[in-house]
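Some notes on the structure that comes next.
Note that this is a predicted model, so its numbers are computed, not measured. Letters A, B, ... are given to chains in the order of the sequence lines, protein chains preceding strands, and every chain is numbered from 1.
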Amino acid sequence: MIRRLFIIALWSCLLLGGASQAQDPLRVRIQLTNSKEYLGAVSSRDSESVVFLPYGAEQPVRIPDRQIVYIKLMRPDSSDTKEIDRLFDVGEYRSVAEKLNMLLSPYSDYITLPSNLTHLFLKWLAASYWTGDFDRTLMLATALAGAVAQEDQQTLLFYGGLARFEKGDFQGMAAFLQSPDADTTYPPESAARLYIESRMLQHKENYIQAIRTAALLMVRHSRDADWMPKAELLCAEIYVQLGMPDSANAVLADIDALYSDPDIQKQAAVIAAKNNGDER
Amino acid sequence: MSMRKIISAWLLWVAAVAPVAFSQPAAQMTLSELVSAAENEVQQGSFQTAIPFLEEIVKRAGSFNDKTSLESVQKVRVQLARAYAQMQQWAPAQKYAREYLSQEPCPDRAGGLVVMCQIAFVRQDWLTLKKYAQELYDLPRKKEAEVEQADLFLAQAHYNLEEYDAALQFLPRILQRGGEPDTVAAFKLMLVRCRFETGQVDSILADLQELSKGDAQYDIQLNLSLIRMSDGLFDSGSFRAALALYRMVIPRPELISWQEKKMARLKEKLAGLKEKADDKDDTISGEIEGLERELQVFRAIPEYDLHVASCIAQIYAEQGRPWEAIVMYGQIYQRSPETPQGGAACLEMVRLLTGLGQEKEANDLARSYLDTYRAGLYPRLMTAYLMRRKYDRADFAGVIDLFGYTEKWADPENDDVRTQETQLRYMVCFGWLQQQDYERAAAAFEDVIRFNPASPTAEDSQYWIAMCFLMRQKYQDAHDRFVRFRSEHPDSPFAPEALFRAAVCNFGLENYEKARDLFSQFIESYPDHSLLPEALSMRGDLLGGEGRLDEALADYRRAIDLAGENYAQQPGSSALDQIIRPATYAVSQAAATLELDAAACRDAGEQEIAAEKYRKIIAEAEHYEALFGENADLAQMVYLKSKAQFQLGETDLAVKACLDAINRYGADPFQKGVDSILDKLGSIIKIQLSQEQQNQARDLLLQAREDARSPTLQMRLDVLLADLDGTQDTLGNRLLAGEASLDPVPPPALSLMCSSLLKQNDFSRAQELFDYFAENYEDSPFRAASYQLRGLDLYAQKKLDEAYGLATDALGAYGATEETGWAQLMKGKIELERGEYKQAAETFNAIFSVREWRGAVSAEAMFRMAEAWEAQGDYEKAFAFFQRTYLLYKAYDNGRWAAEGYLRSAQCLFKLKRPSAARNTYRAMLLDEYVRDLPQAEEAKKVLGPAETAELLAGGTNAMEIVELEVGK
């Protein structure tokens, strides 16, 4: 329970537009463990239950989370979803994250419950990772743990693990890679696995193997628009560490020309500053 | 669905959107019933049902001439055209559209034109499409939908007519309007192609990012277009854009697999529709047929993945991203190592790894490739690359070693391969040349001629064979070959050199007049040749030899001035070998000539003239210094000038001049010229000065030592003073004890340290000193002692191969000098230990022909030569050489080799069953005052017994046993 409270509290802080302020009741259809479905409105939520007013009833009832199988939150406007899907498909993660932040804020209290919005929360999770918002990624991964179906648990593990890793938890990742689940979450030779391996080698200052692994990522996954810029940035960074400033500049020039995403450009600028500093 | 189909479907759909009207059975209906029925059907979109009603209307009312009828029939015509087009029945659609457009009234001209455009589009008749679409576009007062249709048709027409600029007027507008993802992707690809074709490379990258998403990326045409565009960009040097495009290309197997899966899905869908008797099955059947055709064509296209990967790798390499290039090449090599692309990839990897300093990996990779693949161009190219690397490092044995791979190779399969292997064989020849193994070098050049007689390399080889004879001092053979070469290949770039070398051969043969004539011929024939200064110097030498000193001096001066002119055009230290060294030789020879002349004048009592000659020496040296500035051999000039100054009695001035140079440069341990000055100054003081002058010079040196502040300069002066005083050992030991860091120690002092260690047989710092010399003073003349110390160290450690290599290197670096006798000796000893007795005997034998190796080195060589024969079981010959050892070399090495020679002679005689002769040898040993007190004499005493020994040592007898009978045996 404390964990749930924590999630909800922290969660509210992460949302834009003051998600924690008092909200109007939300129209919902709730499916319970007794296989019954009820239409009505939820008026409030605490760490382990929702307050639900079924249509026609005079008094709300408190339903514990454990009794809720699925909750369908009636959204006033569903027109944005298609655009979000499109933006997600073309990798416009910053726009996706912004739109989802706006769209999902009113429903943030219900993130821990399986719902018709769970797939959007999952998209937000991914978008958060790809825009470098690792705190939010971790938060979403933790909050969604009880909400997602079995087949989506891998997604949580995948992004949650990567976010922790990006925040510097090399030991945790090393331990995970030794576990039997590692090959399922990050299959060998997958872009993510090669990225992780390269970063770990870089961390161990084995720069040559690190850059070779990053280069292998680029060879094997050259059409992966998500991993390619990350791999290129990593290469640029390692070239700086290898004391090869011209090569670092060559990679940075490619990044400049090939990726318009401002997040990527920003990261490239940081590496460029370091490279030029080193050159001086 | 292919891009064309996607666009086609869209165009048809767009055309059908325009509203029409229709309804039921025709022949018995009234005209108004027909119109009503037709309108009803059309409104419901049932074009097929509407057609009979519409055609009946045209049939009945087609001949009416009143305005209303004409208008109605025209309206029906255009509806019929649309209906048939919707059903993809193009002939009737065209008939009605034409009829409509050719008659009045024609209020919906746009509708008729759209149908004509659709037909032209389907028939891929782009010119016709352009014509109708342009007419549609130019119509005033169009509806928005018609504007869009005009854009679409014109874009298609221009694009397919390769009018890319024109297509670009429409495509951005079309894309702005959006649409289904696949359609947008198809138009985006067109846009990219148009921009590519019109040189707007920079703007295409952003467009492509969208194409890499979704199913659009699997379009076959898209992928083929990507390859075409990437190749174009690559060829034009737009690497970054090419890289982006190449990366988007889907590997062929993946693309085929995706398309096959798609086809399976369509077939499944078709089966489902047939069960439901859905009339859409025709469309899907058509799509399947189209896809099958496309796949069939695609499968016939050669594999492109290796090409794409190779281009990406090249781009990485070109852009300065070596590690990415290596990994990419690695993938190519791993995938198809036996193909030319695989071989090329491996070679590039080796090059890149080498460039990154990953020598071991590069070498292992190259060797593994060469061990496995033995045919085609790439094993040759790889070997050539490795050979060049070895050359750069002066590892000539390595060059020769690599040649071993050629034995495993199949015969060259074509001229390219043969040419490459010829080059490689040619390179090996120079490996032998650099190893100074001229006999093998000549054989290797002969091999090149045999291997590829028609090649230019074969022609050049003939010149080099002659050079090998020259290097072996076989002047006559060399001369004949040079002369033949010139007559057979008068246009060869080596023809001038051949004339010059022929002159050198005559010089060697002591045909001086002929040599002078040939040099003169060379000088006149090739006034711009780089060998001209050398030719002038050599003619100067010959003229000097004939006593024609003024002419000789003129040649030397011309050689110096020519070198000066060349240097002015190519200044810098790179000119050292080619330009300055011949000038240094010329000035030195000029000085020697003037010195001889001066000495003769002095002998004739013409002191004034002699002094003038010495002053001229100084002037020549200064002239040379002025020409070559800081790259001049200053040490040599100081030497020449100081020698002249000493002769002029200007001892003080001479020493001061030397000291001035020493003080100026002596604090820098890397200033090798200073060491030469010191070395030469030492020689002059010791050999050429009177005692009084020597004392005077010594005082000046001591003063300089006292004033010196830099440890390096101090050590330099210490070395010179120790040389004058004969206290090198003391200084050497002091330096060994005192110097913690080698950094300030100049090469002569390092050399002294090595010599001291050698005397003590102390190899503890052998490697350190050798490596330090190699790293810091690789070409220093003072490095020789470090070679010896390290060579003996390795030999003592039984690292025979390394020791042998080092000895060979030392001989290569210094030639046959006093300082390298040990090396020749060690080579022989190692050959002996390896059981290479014949070679060992040859190696030892070579020692006797070198004047510098006479003495202790020859003594041991003689002894070892005997050992070589003994090891082969030839005791007669062994005995003879042991005997020569004690007869000829008893005075060397404190009699050690003579003593050993006696004992081993006696042992041989015992083996030859000549015991009396053996005992006589022991007797001779005890009578020989050089050896009888050495420990080896104990063996003789033991064999002869105490009584005879005492008698012999007391000088009481010198009786020998009679040995003729034994000899007879």
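A donor-acceptor contact shorter than 3.5 Å links the side chain of A/Ser198 to the backbone of A/Ala210.
Rounding to the nearest 0.5 Å places CD of B/Glu324 at 7.5 Å from OG of A/Ser247. Expressed to the nearest 0.5 Å, how far CD of B/Glu338 lies from OH of B/Tyr333 amounts to 10.0 Å. Taking CG from B/Asn223 and CD from B/Glu254, the interatomic distance works out to 9.5 Å, rounded to the nearest 0.5 Å.
When heavy atoms are compared at a cutoff of 4.5 Å, B/Gln331 approaches chain A solely by way of its side chain, counted from C-beta outward. If you measure heavy-atom distances from B/Glu361 to chain A, the contacts under 4.5 Å come from the side chain alone. For B/Ile312, no part sits under 4.5 Å from any heavy atom of chain A, backbone or side chain. Neither the backbone nor the side chain of B/Tyr246 comes within contact range of chain A; no heavy atom of the residue lies under 4.5 Å from a heavy atom of that chain. With a 4.5 angstrom heavy-atom cutoff, A/Ala248 does not touch chain B via any of its atoms. Residue A/Ile238: no heavy atom, backbone or side chain, is found under 4.5 Å from chain B.
Of the listed residues (A/Val251, A/Leu216, A/Ile211), the one with the most heavy-atom contacts under 4.5 Å to chain B is A/Val251.
Looking at heavy atoms from C-beta onward, B/Gln314 lies out of side-chain contact with B/Phe239 at the 4.5 angstrom threshold.
Checked against a 6.0 Å centroid threshold, the rings of B/Tyr378 and B/Tyr373 do not count as neighbours.
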